[in-house]
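Notes follow once the structure below has been shown.
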Amino acid sequence: MKKGLLALSPLVVFILLYLVTSIIARDFYKVPITVAFMVASAYAVVISDGIPFTKRIDIYSQGAARGQMMLMIWIFILAGAFAHSAKVMGAIDATVNLALTLLPGNMLLAGLFLAACFISISVGTSVGTIVALTPIAAGVAELTGISIPMMTAIVVGGSFFGDNLSFISDTTIAATSTQGCRLSDKFRVNAYLVFPVALLMLGVYIFMGTGIESPRDIPEVDIMKVLPYIAVLITAIAGMNVMAVLTLGIILTGLIGIINGAFNIFGWFQAMGDGIIGMGELIIITMMAGGLLELIKYNGGIEYIISLLTRHIANKRGAEMAVAGLVSMVGLCTANNTVAIITVGGIAKQIADRFGVDNRKCASILDTFSCTVQGLIPYGAQLLMAAGLASLNPISIVPYLYYPMALGIVAIMSIVFRYPKKYS
């Protein structure tokens, strides 16, 4: 037990150093998140006794540079280049003006949430949705006086609607394949939870939007400048890889910007370079988080969580709670909802079979709780990406993440009250 707690302690150090001190200071910019990860990482290396120091550094480095971490970093680089060159070229301003022209002020919040839900269920990825919509959301917020963290949180929340529900989402595929059920069956179970929450949030955003007025004298929209974002949305919905989507967006932004005289080729290069540099902190955080979590895994932290949560299962409700707790805790320790599902999927299947849990319900629990946790942790790829594109501290977004919070509450209630009955 002591070894397991010690393995998890670097995560506690990070939380205490960053969250607790920031709350005490009432300022989430007081302790840079990079410093919190650096201290927690150094602590994790020090407590990993029993192996040579160079081996500890190797394990940390492998975690920082493993495939999924590097993929996120490449996406951050491309997103930074696209977002900043689009801003310099005028694409963001034009797209924001188009949104303000099409949507009345009182429907801006609800319209943004619906757009995020639609794109995410079409694309099957939360990251792609966040890349496409966050700059627009931040631009609308600046012009209307709406809270930028809240507008960003609406996009993040809507992005997890599709991540959790889409047939082509990694989490859906991982959950159904580990539990041996069909995609359509898991969709039906999820629909009982997700659609009521999404409708509730839509109502909340319509109510919150009452009184919001679009700014007067909106400039005439230059459709040519909107084309990069239209292309990004269409190709993403068509299923193109997110890196290819961003590359296309960068090329279109450069061509249109040069044609319109917004910049010359060297100005385009400068805009892309500035955007990449602006993503530097996110890249550092991603690598340090990957290394820290790899050491936690190597030292037995995840195995300890699994053994702790599966020790006292007595009935079907307890089995479902154990599966939910497992995937949530592993999600906290890996900062990747798909990896969390794959990690505990086999154990969850054994628990479900032993206690008679419907495999469709088990797949739904894995997917829903993993997405809920991923949608709330400030060091996950989605919140880091959103914070970077909106120039925010990721913690400032968390209080406004109403959709993931509501989804988590409904998911817990579905276990406690045996809902939906058909699958419980």
Side-chain angles (χ1 to χ4, degrees), residues 1-24 31 33-53 55-64 66 68-69 285-313 318 321-348 351 365-366 369-381 383-384 394-395 398 408 412:
M1 181 175 177
K2 287 183 179 178
K3 186 180 178 182
L5 290 173
L6 187 65
L8 291 172
S9 60
L11 206 56
V12 178
V13 169
F14 168 73
I15 292 169
L16 288 175
L17 183 60
Y18 185 62
L19 289 182
V20 176
T21 54
S22 297
I23 290 169
I24 292 171
V31 180
I33 193 169
T34 46
V35 173
F37 267 117
M38 183 185 71
V39 173
S41 297
Y43 170 77
V45 170
V46 169
I47 66 164
S48 301
D49 56 354
I51 53 175
F53 185 79
K55 174 68 173 174
R56 304 178 206 178
I57 300 298
D58 284 344
I59 294 167
Y60 183 88
S61 300
Q62 287 166 13
R66 60 189 167 92
Q68 286 180 324
M69 289 296 169
I285 292 167
T286 300
M287 294 183 74
M288 288 199 292
L292 175 66
L293 299 170
E294 188 68 21
L295 276 174
I296 289 172
K297 182 180 177 182
Y298 182 87
N299 289 325
I302 291 176
E303 288 85 349
Y304 172 70
I305 291 168
I306 290 170
S307 65
L308 186 69
L309 291 174
T310 56
R311 195 176 299 165
H312 301 296
I313 302 173
M321 280 293 189
V323 170
L326 273 175
V327 77
S328 298
M329 290 300 294
V330 174
L332 282 172
C333 292
T334 60
N336 187 303
N337 45 351
T338 306
V339 170
I341 292 171
I342 293 170
T343 301
V344 305
I347 297 162
I351 293 170
I365 289 170
L366 284 171
F369 279 91
S370 70
C371 285
T372 297
V373 170
Q374 188 71 18
L376 292 170
I377 52 175
Y379 51 91
L383 278 182
L384 288 176
I395 291 290
V398 175
I412 292 170

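A distance of 8.5 Å separates CG in L383 from CD in Q374, rounded to the nearest 0.5 Å. Put simply, CZ on F14 and CG on L16 are 11.0 Å apart, with the number rounded to the nearest 0.5 Å. Atom CG of L366 is separated from atom CD1 of I342 by 11.0 Å, given to the nearest 0.5 angstrom. Rounding to the nearest 0.5 Å gives a distance of 3.5 Å between CD1 of I306 and CD1 of I347. The structure places CG of L8 at 6.5 Å from CD1 of I296, a figure rounded to the nearest 0.5 Å. A distance of 7.0 Å separates CG of L332 from CD1 of I15, quoted to the nearest 0.5 Å.
For the side chain to side chain contact (heavy atoms under 4.5 Å, CB included) with I302, the lone residue among L293, T343, V344, L326 that qualifies is T343.
Minimum heavy-atom separation, S328 to A324: OG-O, 2.7 Å. The nearest pair of heavy atoms linking Y18 to I395 is CE2-CG1, 3.1 Å. In terms of heavy atoms, P394 sits closest to P378 at CB-O, 3.5 Å. Taking every heavy atom of both residues into account, I377 and G331 meet most closely at CD1-O, 4.1 Å. Looking at every heavy atom in both residues, R56 comes nearest to L295 through O-CD2, 4.0 Å. Of all non-hydrogen atoms in G318 and I313, the two that sit nearest each other are C-CG2, 3.9 Å.
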- request: Using the side chain to side chain contact (heavy atoms under 4.5 Å, CB included) rule, take Y298 and Q62 through it: C-alpha gap first, then chi angles, then the decisive distance, then the call.
  value: CA-CA 11 Å; Y298 182 87; Q62 287 166 13; over 6 Å; no
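Using a 4.5 Å cut-off on side-chain heavy atoms (C-beta onward), Y304 and L6 make no contact. Two residues are said to be in side-chain contact when any heavy atoms from C-beta on lie closer than 4.5 Å; I341 and V327 meet this criterion.
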Could you list the donor-acceptor pairs under 3.5 angstrom formed between side-chain atoms of residues 34-53 and any protein atom two or more places apart in sequence or on another chain?
| from | atom 1 | to | atom 2 | distance (Å) |
| --- | --- | --- | --- | --- |
| S41 | OG | F37 | O | 2.6 |
| S41 | OG | Y60 | OH | 2.8 |
| Y43 | OH | S9 | OG | 2.9 |
| S48 | OG | A44 | O | 2.6 |
| S48 | OG | N299 | ND2 | 2.8 |

